[in-house]
Amino acid sequence: MARSRDTDACPGALQVHQAADGALARVRLPGGMITAAQLATLARVSGELGSGTLELTARGNVQLRGITDTTAAADAIAAAGLLPSVTHERVRNIVASPLTGRSGGKRDVRGWVGELDAAVRAEPRLAGLGGRFWFSLDDGRADVSGLRADVGAHVLDDGCALLLAGRDTGVRLAPGEVIEAMTDVAVRFVAARGSAWRIEELDDVRRVLPGAELSATAFPTVTRGPVGWIDQDDGGVTLGAAVPLGVLPAQVAEYLAAVEAPLVVTPWRSVLLCDLDEGVADVTLRVLAPLGLVFDENSPWLGVSACTGSPGCAHSVADVRADAAQALDPRAAVHRHFVGCERACGSPLAGEVLVATGRGYRRRGDQPLG
């Protein structure tokens, strides 16, 4: 069902959201890719002009909260090369398999990330796409296809499947057709969307892909990203660091940047430090682990998430991040997401959602707990 609102309130680096704790800016990172220098800039902006933390989002982007000078923040973000388009900055929502081209997968899709980003920015009609519409590029390992982006490409042994909302459309593409096909779907969506902001809100997906027959089931949802010491196919090392509740202190971000390695922010609110040799990786792990980053794939932190909650969100009735941290349980069988109100922002597609009531929490759909 389409949403009733007519305006796109999704924040960007220029159109910020006025939260309870001040201005909030969201910086898009296509494919989650960011350089060490760019991360250092975001850490500096947050430290000097904001809350002193970076928030990692479920789409591999970064948010800065409590910004006191939005113009200065935007100027710094642009100077770092993180704002290549004023008109399209909020629609550059592209996720890709984080380890693609480094470890596993059927194809390196990193090149497609840049090509798709350029194609989206080059199409004037896509400026009206909406800040929540997003694309996924899965290299065949089935990690990001299950996140159910609006338009996706999933690499197969003999081509590529075109997906809508995480479901196979039956359309098969050659590698050279992927970017044009995904861009065309987005253009048709803008023309046909009415009051819809997402593909799943359309009454008939054939409005954007004539003849499409969606598979009965979507790709399974992956709830945990790669964590720990990861051997690359080329002999290098990637370190996967989970960030508890997605809140990365600016000072810790500066340590990450100081390694001067390529970085990837994942849709599971973690960071990958890539292309390290074994010696550097060993030293880096010993330095970063005591700073609160999680390199243990069995850590209970990987099974819990939360919305912003109080005091950052005026809708929240609880400090859900503090409550989530107190409720860590290594025995939990499913992912648990704590939210401060019925809007349930950031809820994952799998697991259980715990909604604050002011007197405790209830599972969404249940009576209050406790």
Side-chain angles (χ1 to χ4, degrees), residues 1-19 23-32 55 57-64 70 74 77 82-96 113 116-137 144-145 147-153 162-167 169 179-209 212 214 218 267 307-308 315 343-349:
M1 177 169 42
R3 301 175 190 175
S4 59
R5 57 180 171 79
D6 295 323
T7 58
D8 179 16
C10 197
L14 299 175
Q15 177 181 300
V16 300
H17 168 65
Q18 292 299 328
L24 179 151
R26 184 175 298 156
V27 182
R28 267 65 177 188
L29 305 177
E55 291 185 343
T57 79
R59 296 184 179 182
N61 296 318
V62 174
Q63 294 184 162
L64 308 179
T70 56
I77 292 168
L82 292 167
L83 188 59
S85 172
V86 172
T87 56
H88 290 63
E89 64 117 349
R90 291 184 299 152
V91 303
R92 302 170 61 238
N93 296 303
I94 303 170
V95 297
V113 172
L116 181 57
D117 183 29
V120 168
R121 288 187 281 116
E123 174 51 70
R125 289 171 290 184
L126 293 186
L129 191 57
R132 296 193 181 277
F133 191 101
W134 58 319
F135 304 86
S136 66
L137 296 167
V144 298
S145 286
L147 300 178
R148 303 180 197 174
D150 294 278
V151 185
L162 182 64
L163 313 182
L164 294 180
R167 296 176 186 268
T169 64
I179 303 306
E180 182 178 3
M182 296 180 74
T183 307
D184 285 348
V185 169
V187 169
R188 287 195 290 270
F189 175 79
V190 170
R193 73 175 183 85
S195 60
W197 291 102
R198 301 287 310 280
I199 287 283
E200 63 186 7
E201 296 171 3
L202 294 175
D203 53 9
D204 187 352
V205 297
R206 286 171 292 190
R207 294 168 64 186
V208 298
L209 191 63
L214 298 188
C307 72
T308 299
H315 297 279
R343 298 187 308 163
C345 293
S347 295
L349 296 169

Is there a donor-acceptor contact under 3.5 Å from the side chain of [X] to the main chain of [Y]?
| X | Y | result |
| --- | --- | --- |
| H88 | E123 | yes |
| R28 | R90 | yes |
| Q15 | D8 | yes |
| S136 | S145 | no |
| R207 | R188 | no |
| E89 | L14 | yes |
| R193 | A196 | yes |
| D150 | R198 | no |
| N93 | F135 | no |

Looking at [X] and [Y], what are the two nearest heavy atoms and their distance?
| X | Y | value |
| --- | --- | --- |
| A153 | M182 | CB-SD, 3.8 Å |
| V113 | A96 | CG2-CB, 3.7 Å |
| P267 | V144 | CG-CG1, 4.4 Å |
| C307 | C345 | CB-O, 3.6 Å |
| A212 | V205 | CB-CG2, 4.5 Å |
| I77 | A13 | CD1-CB, 4.2 Å |

Do the non-hydrogen side-chain atoms of [X] and [Y] ever get within less than 4.5 Å of each other?
| X | Y | answer |
| --- | --- | --- |
| F189 | L129 | yes |
| L29 | L82 | yes |
| P84 | R92 | yes |
| L162 | L209 | yes |
| P11 | V16 | no |

Next on the checklist: Within a 6.0 Å radius of atom CZ on R206, are there more than 12 heavy atoms belonging to other residues, nucleotides or ligands?
Outcome noted: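 Counting neighbours around CZ of R206, 12 or fewer heavy atoms of other residues, nucleotides or ligands fall under 6.0 Å, so no.
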Item to check | Residues, nucleotides or ligands: over 12 heavy atoms within 6.0 Å of E180 CD | outcome: no
If I take atom [atom1] from residue [X] and atom [atom2] from residue [Y], how far apart are they, to the nearest 0.5 angstrom?
| X | Y | atom1 | atom2 | answer |
| --- | --- | --- | --- | --- |
| R121 | L126 | CZ | CG | 12.0 Å |
| I199 | L163 | CD1 | CG | 11.5 Å |
| L202 | L164 | CG | CG | 9.0 Å |
| T70 | L64 | OG1 | CG | 12.0 Å |

Checklist entry - Only one of N61, L137, L116, D117 forms a side-chain contact (heavy atoms from CB on, under 4.5 Å) with P30, so which one is it? => result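 Output: one option passes, namely D117.
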Checklist entry - Going through the distances and angles, do V151 and W134 end up as a side-chain contact (heavy atoms from CB on, under 4.5 Å)? => result CA-CA 7 Å; V151 185; W134 58 319; over 6 Å; no
Next on the checklist: For W197, does the six-membered ring have the charged nitrogen or CZ of R132 within the cation-pi criterion, i.e. under 6.0 angstrom from the centroid and within 45° of the normal?
Outcome noted: no
